[in-house]
Amino acid sequence: MDAADAAGGDDTYDQAREELKKFVQNFQEDDMNGQVTYKYLEHLQRVADRQQKRVEVELDDVAEHSGEALSEAIRCNTQRYVEILADALDDNMPDPSGAAADEDIADVLLRERSTRRDNDSNSDPQQQVPRELRRRYEVRVLPRTKDKCLKLREVKAERIGQLLTIKGIVTRVGEVKPQIKVATYTCEMGGYEVYQEVKQSKFMPLFTCPVPNCCTNGRLQLQTRGSKFGQFQEIKIQEEADEVPTGHVPRLMTVHLTGELTRSCSAGDVVTVSGVFLPTVSTGFKQLHAGLVTDTYLKAMSVEAHKKSYHDYTADDEVREFIEQCLDDEEDMYSKMAQSIAPEIFGHTDVKKALLLLMVGGATRQMGDGMRIRGDINVCLMGDPGVAKSQLLKQVTNLAPRSVYTTGKGSSGVGLTAAVVRDTVTGDLVLEGGALVLADMGICCIDEFDKMEESDRTAIHEVMEQQTVSIAKAGITTTLNARTSVLAAANPAFSRYNTNKTPEENIQLPAALLSRFDLLWLILDKPSRANDMQLARHVTYVHQYGHHPDLEFEAIKPKLMRGYISHVRRLEPSVPPDVANYVVDEYVNMRQEAANDTAGLGFTSARTLLAILRLSQALARLRQSKEVDREDIVEARRLMSLSRSSVLDAGQDKEAYTGDDAVSMIYKIIRDFANKTAAPAVNVAEVLPRVLSRGRTKEDLDRCITEYEELNVWHLNDTRTVIRFVDGDDKD
């Protein structure tokens with residue numbers, strides 16, 4: 001009965017082999033010009049001409065030509081049918097067209113072996129040249145388009161041997177190593193060649209000559225140049241964060257990449273992998289130790305990276321049309337894109353603008369002597385619970401093409417930088433990148449930043465300024481790239497901001513770390529009847545209708561925003577001489593204000609100057625400009641002033657502060673400008689940028705001008721564009 005079943009199975013495979021031969025010969029499709037072509041015969045012709053090394057067979061084509069039954073059989077038993085498909089392709093392989101390619105060592109060996117085989121009457125199967133040795137291509141089977149992508153938790157034992165598709169984030173990438181496919185031996189006594197096909201991860205080499213007509217127990221010598229090796233790489237993928245149930249550990253799966261699929265992804269990439277789910281074959285003591293339990297892996301057939309870096313992003317027609325429209329209309333993309341970030345979250349307009357600039361970033365400068373000045377922008381959001389800090393971090397994670405989200409309490413210093421682990425394939429010690437390394441050329445969002453241990457938080461210092469991770473562990477001394485923007489969210493030291501304590505007591509973060517953040521924003525939850533009414537109406541509207549209230553314009557979709565940011569990040573804005581002089585003056589004024597600050601909170605350093613340049617370059621990129629102008633510097637100064645005043649003014653009543661204090665501040669700005677220019681008259685247009693850069697508005701300037709005009713401190717001309725002091729000699 002068993003023999004009958006085996007014969008029936010062989011008949012089934014023989015029928016499938018014949019059917020697949022007809023499929024390769026006869027399958028047709030229309031090309032871009034509408035002409036009928038033989039798809040797989042053209043693939044084979046390119047393989048014969050050495051222009052292609054991979055033949056991808058789509059199950060949709062098999063189902064269309066040969067029926068659903070054969071397509072389903074291939075899907076459920078892919079590993080066996082790949083060999084049958086390879087035989088069918090070999091039988092239809094055409095001769096090379098045109099001039100032959102340059103011969104390599106494999107061509108010379110195959111030609112001599114064919115000549116020797118024709119002259120020798122020996123029919124020993126181990127002396128026949130295997131098809132795998134003559135094959136110069138790989139066979140890949142692609143799943144049906146209707147097959148859904150599975151979660152890692154949905155891959156169970158019944159999927160063994162089947163072709164399936166999974167999605168996850170790459171956490172570890174091993175080295176590319178040679179994997180033997182056909183071992184070629186030469187008998188030291190008789191000179192005969194013996195071949196051994198290797199179809200598993202381990203094999204036992206031959207030691208004695210098995211050819212009857214050659215010799216008696218001659219010793220075999222492995223011929224490395226005559227054997228066939230393929231590329232092999234092992235990667236590990238992990239469930240995405242949003243697919244892990246609360247309280248569960250993320251699932252991992254090992255994926256084996258071969259041939260041209262190697263080096264197709266790097267750590268941190270979100271990939272969709274199609275392949276065959278197979279058990280790992282163990283032998284010897286390892287199998288004895290494992291018992292009835294076996295490990296599994298996915299033998300990859302195709303790999304597609306989703307969240308690529310900005311440089312690898314390819315815009316489609318919709319994104320290109322949107323970019324051209326923005327360039328033609330000269331729209332204010334800065335405000336529109338900022339309001340399109342999480343429109344369901346009420347308010348936080350300036351905070352959203354800061355997050356937009358973080359995603360755009362400034363230009364990274366590579367000096368001739370090797371020094372590198374970072375262009376990535378770091379932002380820290382600190383505030384009371386319930387002000388949507390974590391939601392903003394999640395939104396940035398979804399918008400950025402490459403991002404990693406982690407929490408401070410659940411992250412160690414090793415988890416953020418790099419860990420030394422033992423490779424399961426080779427047993428060597430290798431480095432496994434942490435969250436900051438995985439976010440290279442992207443954004444690393446760290447929530448609950450204040451909950452981190454101080455020893456773990458120090459691991460971020462080098463990343464935030466030098467953008468590298470230096471490792472000296474277990475005999476491995478190296479430097480890894482961590483060119484990432486850090487977006488951190490933290491609560492004050494007492495969970496809520498205590499207005500009776502100083503900002504240092506509330507924040508409790510070292511100055512060495514705070515100075516590395518370009519913007520530190522303090523978001524407080526203060527009761528205000530008008531603001532609370534607007535917030536409550538906004539939230540209830542979202543819950544009532546399932547979408548955010550209508551904006552003055554149509555919110556930009558995340559796909560278009562991602563494409564626009566990828567486009568403008570290719571620009572490298574420069575700073576013209578006149579703007580450079582203006583930046584110098586602004587920085588000197590900031591240092592003077594910090595020196596005169598009696599509260600002791602005006603910490604201003606050279607990093608502040610670099611932060612202004614980075615923010616202004618990001619603003620110039622959003623305008624698709626190759627030069628930074630004065631308005632960009634003014635807006636960058638305004639954001640920095642607002643972020644600084646959010647800390648300094650935390651314990652004050654905002655309504656009282658924005659009244660008389662704002663007027664007094666603007667009067668001091670105008671008086672200092674008059675002293676500097678030594679002129680009795682001041683142009684309002686020259687003062688306005690300085691007022692805006694201090695975080696004040698044009699309305700505050702108009703109120704100040706009106707009040708001091710009524711006090712007869714100055715007079716204005718008819719057009720109210722020039723301020724002339726009543727006593728030009730009084731400069732106090």
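We find that Glu158 and Lys156 are not joined by a salt bridge, their nearest charged nitrogen and carboxylate oxygen being 4.0 Å or further apart. A salt bridge does not link Glu260 with Lys53: every distance from a Lys NZ or Arg NE/NH1/NH2 to an Asp or Glu carboxylate oxygen is 4.0 Å or more. Note on Glu58 versus Lys39: salt bridge recorded, some NZ/NE/NH1/NH2 to OD/OE distance being below 4.0 Å.
The minimum heavy-atom distance between Thr184 and Gly226, with the atom names listed, is OG1-O, 2.9 Å. Scanning all heavy atoms of the two residues, the minimum distance from Gly361 to Ile377 falls at CA-CD1, 4.1 Å.
The salt bridge (charged side-chain N to carboxylate O under 4.0 Å, His left out) test applied to Glu19 returns no partner, not counting sequence neighbours. Not counting sequence neighbours, the partners of Thr165 by the side-chain contact (heavy atoms from CB on, under 4.5 Å) test are Pro143, Cys149, Thr272, Ser274. Here Lys151 pairs with Glu154, Glu243 under the side-chain contact (heavy atoms from CB on, under 4.5 Å) rule; sequence neighbours left out. Every residue two or more places apart in sequence or in another chain that forms a side-chain hydrogen bond (donor to acceptor under 3.5 Å, both in side chains) with Gln25 is listed here: Asn92. Shown here are the side-chain hydrogen bond (donor to acceptor under 3.5 Å, both in side chains) partners of Gln223, two or more places apart in sequence or in another chain: Thr186. In this view, Val404 and Ala435, Leu438, Ala439 satisfy the side-chain contact (heavy atoms from CB on, under 4.5 Å) rule, not counting sequence neighbours. Residues that satisfy the side-chain contact (heavy atoms from CB on, under 4.5 Å) test with Phe229, not counting sequence neighbours, are Pro178, Ile180, Thr224, Ser227. In this view, Lys199 and Glu83 satisfy the salt bridge (charged side-chain N to carboxylate O under 4.0 Å, His left out) rule, not counting sequence neighbours. Residues satisfying the side-chain hydrogen bond (donor to acceptor under 3.5 Å, both in side chains) test with Lys299, not counting sequence neighbours, are none. Remark: Gln162 engages Arg75 in a side-chain hydrogen bond (donor to acceptor under 3.5 Å, both in side chains) (not counting sequence neighbours).
Put simply, the side chain of Ser71 never gets that close to the backbone of Val62: no donor and acceptor are under 3.5 Å apart. A distance-only check finds no donor-acceptor pair linking the side chain of Thr262 to the backbone of Gln231 [under 3.5 Å]. Here the side chain of Gln45 pairs a donor or acceptor atom with the backbone of Asp95 at under 3.5 angstrom.
Pairs engaging residues 74-94 under the ring-ring contact (aromatic ring centres under 6.0 Å, His included) rule: Tyr13-Tyr81 [sequence neighbours left out]. For residues 47-66, the pairs satisfying ring-ring contact (aromatic ring centres under 6.0 Å, His included) are Phe23-His65, with sequence neighbours left out.
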* **Asp90 and Tyr137: CA distance, side-chain angles, deciding distance, side chain to side chain donor-acceptor pair (under 3.5 Å) verdict** => CA-CA 10 Å; Asp90 285 340; Tyr137 62 92; 2.6 Å; yes
**Residues Glu197, Tyr195; criterion side chain to side chain donor-acceptor pair (under 3.5 Å); working and verdict** = CA-CA 7 Å; Glu197 283 197 71; Tyr195 306 99; over 6 Å; no
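Within a 6.0 Å radius of CZ in Arg46, more than 12 heavy atoms belonging to other residues, nucleotides or ligands are found. More than 12 non-hydrogen atoms from other residues, nucleotides or ligands lie less than 6.0 angstrom from OH of Tyr297.
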